[in-house]
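Structure first, commentary second.
We count residues from 1, following the sequence as given.
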Amino acid sequence: MREILFKAKRKDNGKWVEGYYYKMSETTYCFKEDYERKPVSEHHYILQERMTDWGLPNQIVQIEIDSETLCQFTELCDKNGKKVWENDILMAHLDESYPEDATYETVEWNVAGWVTHETDSTDRQYLDEFDLEHYEAIGNIFDNPELAQGSL
């Protein structure tokens, strides 16, 4: 079954949160399951309390997010098994003769699937098995914009 998952930065503290999202009026939220019983802060609201399949209490919490940072999970993982998200920056050393040379690509959605592109390039390449074996996610355009320019 397809996993439709999102991440975005929280409005209250700027940290990343993963979950499912919805927009109500002009506010965008991210839902996530909270398996631990924690105090609910000003920015966390208990929406539904239910039992898990194995009989333990479970909570669904709603967190206000910055919609400008919303990223969808591509359902792909990099060479290290790390989830690859929309707006991630991938890096690879593709030429064994020049291990100091690195290629940097940004992930985005195109008409028919997930693609990567180099900064200022109009060329788009669909993500494939080669990418998954050679590229690693090293950051994203929000936290590491300098990486999109191909510099560390």
Joint cluster assignment, V115 & L90, ILVMFWY side-chain distance < 4.5 Å:
no
Side chain to side chain donor-acceptor pair (under 3.5 Å) pairs touching residues 120-133, sequence neighbours excluded, are E108-R124
In this structure, OG1 of T74 is separated from CG of L5 (nearest 0.5 Å) by 10.5 Å
Mind telling me whether F73 and W85 have parallel, tilted or perpendicular rings, with 30° and 60° as the class edges?
tilted
Please answer whether the main-chain N or O of K82 pairs with a side-chain N or O of N80 as donor and acceptor at a distance below 3.5 Å.
no
Separation between CD1 of I138 and CG of L147, rounded to the nearest 0.5 Å
4.5 Å
Would you indicate whether the side-chain heavy atoms of E118 and E105 approach each other to under 4.5 Å?
yes
With a 4.5 Å cut-off on side-chain heavy atoms, are W114 and E75 touching?
no
Return the set of residues passing salt bridge (Lys or Arg N to Asp or Glu O under 4.0 Å) with K7 (not counting sequence neighbours), or none when no residue passes.
none
Nearest atoms (heavy-atom pairs only) where T69 meets K9
OG1-N, 2.8 Å
With rounding to the nearest 0.5 Å, note down the distance linking NZ in K15 to CZ in R10.
7.5 Å
How far does CG of D101 sit from NE2 of H93, to the nearest 0.5 angstrom?
9.0 Å
Heavy-atom closest contact (I89 atom, I141 atom, distance):
CD1-N, 4.0 Å
OG1/T116 to OH/Y104 distance, rounded to the nearest 0.5 angstrom?
15.0 Å
Between E18 and K83 the two heavy atoms that sit nearest each other are OE1-NZ, 3.6 Å
Is there a path from V107 to L132 through hydrophobic residues (I, L, V, M, F, W, Y) whose side chains come within less than 4.5 Å of each other?
yes
Co-membership, hydrophobic cluster, residues M91 and Y98, 4.5 Å side-chain
no
Closest contact, heavy atoms only, D78 versus A137
OD2-N, 2.8 Å
Pair W16-F142, side chain to side chain contact (heavy atoms under 4.5 Å, CB included): steps then yes or no:
CA-CA 11 Å; W16 288 99; F142 305 107; 3.7 Å; yes
By salt bridge (Lys or Arg N to Asp or Glu O under 4.0 Å), K23 pairs with (sequence neighbours left out) none
Using only atom types and a distance under 3.5 Å, with no angle test, would you say the side chain of D143 pairs donor to acceptor with the backbone of N140?
no
